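Just so you know, these numbers use all the heavy atoms, side chains as well, and skip hydrogens, waters and symmetry mates. Every value quoted in this text rests on a predicted model; they were computed, and no experiment measured them. Reminder, nothing fancy here: chain letters follow the sequence lines and each chain counts from 1.
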There are 2 protein chains.
Amino acid sequence: MSKHKPNERARPTMADVARELGVAKITVSRALSEQSTVKESTRALIRETAERMGYRLNVSARNLRQQRTRTIAVVIEMAPSHDRLMSEPYPLSLLGGIMQELTAAGQNMVLTTIDLFAAHPPSTDGVILLGQGVHDDAAAMIEATGLPYVVWGAAHGPPERIVVGSDNRDGGRLAADYLLGKQRTKLLFLGETQHGEVDDRLGGFEAALTGTGAAIVDRVACAFTVAAGREAVSKLLERGRGFDGIFAASDAIAMGAIEAVEAQGLSVPGDVSVVGFDDSPGASLFSPRLTSVRQDWATGGALLAQKVLDLVSGKRVESRAMPVELVARES
Amino acid sequence: MSKHKPNERARPTMADVARELGVAKITVSRALSEQSTVKESTRALIRETAERMGYRLNVSARNLRQQRTRTIAVVIEMAPSHDRLMSEPYPLSLLGGIMQELTAAGQNMVLTTIDLFAAHPPSTDGVILLGQGVHDDAAAMIEATGLPYVVWGAAHGPPERIVVGSDNRDGGRLAADYLLGKQRTKLLFLGETQHGEVDDRLGGFEAALTGTGAAIVDRVACAFTVAAGREAVSKLLERGRGFDGIFAASDAIAMGAIEAVEAQGLSVPGDVSVVGFDDSPGASLFSPRLTSVRQDWATGGALLAQKVLDLVSGKRVESRAMPVELVARES
DNA sequence: ATGAAAGCGCTAACAA
DNA sequence: TTGTTAGCGCTTTCAT
């Protein structure tokens with residue numbers, strides 16, 4: 001019958017299904033997308049025939065025709081790994097929140113690194129960027145694509161950029177209040193302030209300290225890992241203990257710091273009080289159980305997703321800082 | 001000049017760039033994909049012009065024309081969340097291994113749930129499925145798409161299905177050997193054996209016990225959470241302690257079990273020895289530090305990615321069970 | 001080294 | 001309720 005193609009191995013297209021039934025392919029299109037303008041009996045027939053022939057929609061073709069992809073890119077700065085699980089600033093639960101929301105909206109999510117995104121841009125309608133990168137370079141790269149995008153992090157960029165993040169300044173304040181409540185006066189800050197969010201944490205911490213008698217006696221730039229925290233504090237302790245309280249920019253750093261303190265025969269919280277950040281899963285498992293500032297990752301992720309989808313559909317959108325909460329435990 | 005379109009707001013296409021320079025659009029295409037058949041000077045000119053005009057490749061159009069998407073779908077069974085971080089059978093590091101490998105191959109990754117995949121199939125060349133689902137239903141659904149796919153889990157399905165997973169039977173054996181070495185003889189197994197991987201763990205555990213004088217005295221189906229582990233063991237202990245060793249299908253379950261044991265005034269490992277599974281990040285933080293069977297997630301993820309890409313490019317591919325390792329700690 | 005024509009598979013717009 | 005026509009933006013094929 002079909003003189004066009006001698007029955008190749010390839011999968012059938014709408015044209016094939018249409019020819020089989022003697023209808024126009026637009027009718028097949030309408031039927032399979034359940035449009036009510038097609039008679040229900042016709043729809044059923046087409047559905048069955050398509051099924052029987054093994055027909056599958058070619059998503060690329062539809063994306064091209066409709067000029068949209070129902071896909072959002074989530075761009076992270078580096079690949080996750082086992083030893084970074086707890087220390088990563090952007091954990092699985094942030095992704096979970098994003099995914100939940102995108103899924104509910106029927107949107108797919110392509111997960112990619114900043115490098116891959118630059119080299120092989122995927123086909124997407126919008127972008128969620130987790131972390132601006134040092135000096136905003138990641139955000140600038142995304143901006144250049146012209147796609148709608150939102151960022152997780154600190155609002156240090158241009159004011160028109162949509163940013164969702166925790167209220168890191170307030171997190172710093174909470175940490176300060178906790179340490180002040182423990183009568184700590186000589187405080188140590190551990191964290192890399194090149195990172196906008198960490199800078200905000202330090203800012204809020206300092207602000208809450210002014211006029212209290214307590215003060216920051218030292219600050220050490222420090223990666224988000226247990227090892228980095230341990231090393232930083234070990235070095236400091238070699239020249240004697242000049243502090244009685246620590247605010248660490250992540251729980252991993254805090255754990256490393258505590259290990260270093262205890263390695264000197266000192267006790268936490270006896271000699272030194274410690275506050276971490278993130279309330280990671282390990283915080284309540286660690287010994288001593290870690291006091292930490294909790295971020296609401298899941299809600300943050302959901303907000304990111306909502307906002308980027310709103311941007312895609314042309315709505316106006318605003319930045320948002322999410323409240324944080326101090327979880328007081330033993331440290 | 002351009003009489004076709006009165007300079008719309010839309011982004012320029014290759015045709016626009018071509019018209020601007022008075023060349024054919026195919027030349028623009030060739031130049032931008034750096035084909036050596038185009039004179040270098042022409043290439044440079046086209047590159048600059050495209051850049052100046054803000055040209056961006058339309059990936060959907062290319063995907064349609066080339067009949068491939070450079071994208072692999074990773075299908076998970078449910079969205080990750082904070083409280084599941086440690087207990088999930090498929091953690092971030094598995095994803096990390098997949099991502100690393102796909103990224104290196106210039107492939108994008110779309111992360112999706114089984115439901116979303118069914119409702120809105122993304123445009124992909126292949127699928128990595130994490131977990132077959134109960135009764136294989138997830139795998140069957142993927143199979144029906146006709147796309148090349150590989151599965152993480154246990155090789156309980158049809159033999160032609162490509163499966164990558166840990167050697168769970170050997171993991172069970174290692175757990176048995178450890179408990180036997182601690183002179184434990186009345187053993188408890190905690191885990192949901194509907195789950196193929198867990199079933200293999202139990203199988204290897206039982207096999208290693210035969211003819212040793214030790215035996216399984218009880219087994220409880222149990223979700224992958226701390227709470228489920230705690231509850232299962234609490235219930236058992238209400239009628240007295242009939243066991244002196246526990247093999248739990250995950251570290252989270254093991255932690256819950258230990259909490260329940262200690263809540264009765266018993267000690268781990270004094271009265272009861274416990275082996276977990278996964279060696280999750282919390283295992284070494286927990287008190288007592290948890291003995292656990294470690295899976296090599298990152299390598300597993302990398303293998304999954306390699307194999308699905310091989311399938312996509314028509315190569316022959318085989319299933320693979322990865323070695324596991326017992327990490328002996330305090331429990 | 002460059003170009004012209006064709007068409008990937010789908011759906012919007014406009015008939016009938 | 002169904003059909004016709006056109007075209008999304010790109011790259012393959014075949015010419016020049």
Side-chain angles (χ1 to χ4, degrees), chain A residues 2 4-5 8-47 49-50 53-70 120-125 146, chain B residues 2 4-5 8-47 49-50 53-70 120-125 146:
Chain A
S2 71
H4 298 284
K5 307 197 178 175
E8 297 178 23
R9 190 56 27 105
R11 38 178 45 153
T13 70
M14 278 188 180
D16 296 322
V17 177
R19 198 175 315 121
E20 177 86 9
L21 288 169
V23 301
K25 56 184 179 166
I26 182 66
T27 303
V28 175
S29 172
R30 292 201 262 244
L32 293 181
S33 53
E34 290 300 326
Q35 296 197 15
S36 55
T37 69
V38 179
K39 215 191 332 181
E40 171 52 32
S41 62
T42 316
R43 258 190 284 173
L45 182 60
I46 290 176
R47 248 187 276 117
T49 310
M53 296 177 70
Y55 170 79
R56 297 275 148 188
L57 176 70
N58 183 319
V59 179
S60 296
R62 183 176 54 184
N63 286 349
L64 172 58
R65 178 65 243 223
Q66 299 192 327
Q67 303 283 64
R68 59 175 181 40
T69 64
R70 297 168 162 282
H120 291 278
S123 174
T124 65
D125 301 331
Chain B
S2 71
H4 298 283
K5 305 197 178 174
E8 296 178 25
R9 190 56 26 104
R11 30 178 52 151
T13 70
M14 278 189 180
D16 297 322
V17 178
R19 199 176 313 121
E20 178 85 8
L21 288 169
V23 299
K25 57 182 179 171
I26 181 62
T27 303
V28 176
S29 172
R30 291 201 263 243
L32 293 181
S33 53
E34 290 300 326
Q35 297 196 15
S36 54
T37 71
V38 179
K39 214 189 334 181
E40 170 52 33
S41 62
T42 317
R43 259 190 282 171
L45 183 61
I46 290 177
R47 247 186 276 115
T49 309
M53 296 177 71
Y55 170 79
R56 297 275 148 189
L57 176 70
N58 182 318
V59 179
S60 295
R62 182 177 52 184
N63 286 350
L64 172 59
R65 180 65 246 220
Q66 298 193 144
Q67 303 282 67
R68 60 174 182 39
T69 63
R70 295 170 163 283
H120 292 278
S123 175
T124 65
D125 301 331

Rounded distance (Å) that lies between atom [atom2] of [N] and atom [atom1] of [X]:
| X | N | atom1 | atom2 | value |
| --- | --- | --- | --- | --- |
| Glu34(A) | dT11(C) | CD | P | 13 Å |
| Asn63(A) | dA12(C) | CG | P | 13 Å |
| Leu21(B) | dG3(C) | CG | C1' | 15 Å |
| Arg19(B) | dG3(C) | CZ | C1' | 16 Å |
| Ile46(B) | dT2(C) | CD1 | P | 8 Å |
| Asn58(B) | dC10(C) | CG | C1' | 14 Å |

Discussion item. Under 4.0 Å from OP1 or OP2 of dG3(D): is there any side-chain N or O of Thr27(A) that close?
Written reply: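 For dG3(D), OP1/OP2 do have a side-chain N/O of Thr27(A) under 4.0 Å.
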
Worksheet entry | Side-chain N or O of Ser60(A) closer than 4.0 Å to phosphate OP1/OP2 of dC8(C) |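 Checking Ser60(A) against dC8(C): no side-chain N or O falls below 4.0 Å of OP1 or OP2.
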
Discussion item. Do Asn58(B) and Gln67(A) have side chains that approach each other closer than 4.5 Å (heavy atoms only, starting at C-beta)?
Written reply: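 Yes; the side chains approach each other to less than 4.5 Å.
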
Worksheet item: Distance from Lys25(A) atom NZ to Leu32(A) atom CG, nearest 0.5 Å?
Response: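 Those atoms lie 14.0 Å apart.
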
Worksheet item: Would you say the side-chain atoms of Ser33(A) pair up with the backbone N or O of Gln35(A), donor to acceptor, closer than 3.5 Å?
Response: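 Answer holds: no.
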
For the residue pair [X] and [Y], what are the closest heavy atoms and their distance?
| X | Y | value |
| --- | --- | --- |
| Ala61(A) | Leu64(B) | CB-CD1, 3.7 Å |
| Thr37(A) | Arg30(A) | OG1-CD, 3.8 Å |
| Tyr55(A) | Thr13(A) | CE1-C, 3.6 Å |

Discussion item. Quick check for you: among dT2(C), dC10(D), dT2(D), whose closest atom lies nearest to any side-chain atom of Thr13(B)?
Written reply: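 Nearest listed nucleotide: dC10(D).
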
Polar atom pairs (N or O), protein with nucleotides 11-14 of chain D, under 3.5 Å:
| from | atom 1 | to | atom 2 | distance (Å) |
| --- | --- | --- | --- | --- |
| dT11(D) | OP2 | Ser29(B) | OG | 2.5 |
| dT11(D) | O2 | Arg65(B) | NH1 | 2.9 |
| dT12(D) | O4' | Arg65(B) | NH2 | 3.4 |

Fill in: Toward the 5' end of DNA chain C, by each residue's nearest nucleotide, Gly22(B) or Leu64(B)
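Here Gly22(B) is the residue nearer the 5' end.
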
Worksheet entry | Val38(B) vs Gln67(B), nearer the 5' end of DNA chain C by closest nucleotide |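 Whichever sits nearer the 5' end wins; that is Val38(B).
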
Worksheet item: Between Thr69(A) and Asp125(A), does any side-chain donor sit less than 3.5 Å from a side-chain acceptor?
Response: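 Yes, Asp125(A) and Thr69(A) have a side-chain donor paired with an acceptor closer than 3.5 Å.
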
